[in-house]
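Report on the structure given below.
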2 protein chains.
Amino acid sequence: MKNQEELFLDFLARKRLKNTSQRMIILKSFLRQSLHLSTEDFYLQLRKKHPAIGYATVHRTLKLFAECGIAAERNFGDGQTRFEVNYDNEHHDHLVCTGCGKIIEFENRQIEQLQLDVARTHNFFIKDHRLELYGLCAACHASEASSLS
Amino acid sequence: MKNQEELFLDFLARKRLKNTSQRMIILKSFLRQSLHLSTEDFYLQLRKKHPAIGYATVHRTLKLFAECGIAAERNFGDGQTRFEVNYDNEHHDHLVCTGCGKIIEFENRQIEQLQLDVARTHNFFIKDHRLELYGLCAACHASEASSLS
DNA sequence: TGTATTTTGAAATCCGTTTTCATTTTCTTG
DNA sequence: CAAGAAAATGAAAACGGATTTCAAAATACA
C-alpha cells in the first residue's frame with residue numbers, strides 16, 4: 001500500500017504533469033488535516049504559512065487530488081464544495097449537524113448492502129453513492145431544548 | 001387530507017401573502033409534472049404557455065412551495081437545484097443515472113431504520129436525510145458495454 | 001544548458017441564484 | 001365600493017463560489 005504522497009507523484013508522472021513546490025506544500029497541508037474544509041477555508045488556512053500561494057492554485061490542486069483519488073469532493077447542500085482526505089478506498093457517510101456545522105463520519109455495512117439490493121431490483125449498476133443525515137448533535141439538541149419558550 | 005392547492009392557499013393566508021394569478025398558474029403547472037426539474041428547465045417549460053411570467057417569479061414561487069412543504073429541493077451534485085412535488089410526507093431517495101440523467105425514486109424502510117440506529121449511536125437527532133445512488137441504468141450500462149473497444 | 005511544455009497568481013469570467021427597484025396588483029377597511 | 005397600505009411582479013443588476021484566461025515563471029525532457 002503506497003502512501004498518499006507516492007500516489008500523487010505517480011499520478012503526476014502518469015499524466016505528464018509537473019511536480020512543483022506549491023503542489024507538495026498543498027498536499028502536505030491537506031493530509032495534515034482531515035477536516036471537511038471548503039476550498040476557501042483551506043486556502044485561508046494555508047495562507048497563514050504560505051501567503052504566496054494563490055487561490056487558483058489551491059483550487060486546481062484540490063481538483064487534482066480528487067481526480068487521482070486521494071481526496072473526495074463533498075457537497076452538504078450549503079453551496080460550498082468540501083474536500084476530505086480519502087484514506088484507502090473505504091466509503092463512508094456523514095452526519096451533519098445543522099446547528100453547529102459539525103460533521104461526523106460513519107460507516108454501515110448493512111446500509112451499503114441494502115443499497116446494492118435496491119440497485120439490483122431497479123437494474124441499476126451503482127458506481128457511487130452519498131448518504132447524509134442532517135440533524136442536531138447532542139449539544140445543539142440540548143441547547144435548543146433549553147431555549148424553547 | 002388536503003390537496004396541494006389547499007395547502008398552498010392556507011400557507012399564503014397564514015403568512016399574509018397574496019394569492020396571485022401567477023402563483024396559481026405556477027402551482028398548477030408544477031403539480032402537473034412531477035419530474036425533477038431545475039428552476040431553469042421549469043421556467044423554460046412554463047414560458048411556452050405563459051411568456052409573461054418572469055424567471056424571478058418562478059424562482060420565488062418554487063421557494064415558497066419548498067417552504068410550505070409541497071415541494072422538495074434536491075441537489076444531485078450537478079450544480080443545479082431541482083424541485084420535485086412532495087406528495088404526502090413520505091420520504092424517498094433517488095437512483096441517478098450518470099449516463100442519461102434519468103432519476104428513479106425509491107423507498108426502503110430498512111435503510112431508514114438503520115439510519116435511525118446510526119443516529120442514535122452518535123447521539124444525533126435526525127431531521128432529514130438524503131441518499132442518492134449514482135450509476136448507470138440498464139440501458140446506459142448496456143450501451144457502454146457494447147461500445148468498449 | 002536550451003527549449004518546449006506546464007504551472008502559477010491575479011484578475012476576469014462564468015453561471016446559477018438571489019436581490020433590487022420602480023411599477024402593478026391585491027386586499028383590507030373605512 | 002373606493003382609497004390606501006402592503007405585497008408581488010418582471011427586468012436587470014448583484015451576488016458568490018467555481019473556473020478560466022493570460023502573461024510571466026518554473027519545470028523537465030533532450
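So you know, we letter chains A, B, ... as the sequences are listed, proteins then strands, and number each from 1.
The residues B:R82 and B:E84 are annotated as not salt-bridged, no charged nitrogen and carboxylate oxygen being separated by less than 4.0 angstrom. Salt bridge absent: B:E132 and B:R74 never bring a charged side-chain N and a carboxylate O closer than 4.0 Å.
Rounded to whole Å, the distance from CG on B:N19 to P on D:dA6 is 20 Å. Computed from coordinates, the B:Y55 OH to D:dC15 C1' distance equals 14 Å when rounded to whole Å. To the nearest angstrom, P of D:dA28 lies 9 Å from CG of A:L12. D:dG10 atom P lies 10 Å from atom CG of B:L46, rounded to whole Å.
For DNA chain C, the outermost nucleotides in 5' to 3' order that have an atom under 4.0 Å from a heavy atom of chain B are C:dG16 to C:dC27.
One finds no side-chain N or O of B:T20 lying less than 4.0 angstrom from the OP1 or OP2 phosphate oxygen of D:dA7. Remark: A:R16 is not in phosphate contact with D:dT27, judged by side-chain N or O atoms under 4.0 Å from OP1 or OP2.
The closest donor-acceptor contact from the side chain of A:N86 to the backbone of A:G69 lies under 3.5 Å. A donor-acceptor contact shorter than 3.5 Å is absent between the side chain of B:E144 and the backbone of B:H141.
Comparing A:S21 and B:Q22 by the nucleotide of DNA chain C that holds the closest heavy atom to each, the one mapping nearer the 5' end is A:S21.
Near DNA chain D, meaning a heavy atom under 4.0 Å away, the residues from residues 57-80 of chain B are B:T57, B:R60.
Residues B:V58 and B:I25 share a hydrophobic cluster, clusters being chains of Ile/Leu/Val/Met/Phe/Trp/Tyr side chains in contact below 4.5 Å.
The aromatic ring centroids of A:F76 and A:H94 lie less than 6.0 Å from each other. Ring centers of B:F65 and B:F8: under 6.0 Å apart, within the cut-off.
The base of D:dA6 sits with one of its N or O atoms less than 3.5 Å from a complementary donor or acceptor on the side chain of B:K18.
Classification of the A:H129-A:H91 ring pair by plane angle, with boundaries at 30° and 60°, yields tilted.
Within the nucleic acid shown, B:S38 has no heavy atom closer than 4.0 Å to any nucleic acid atom.
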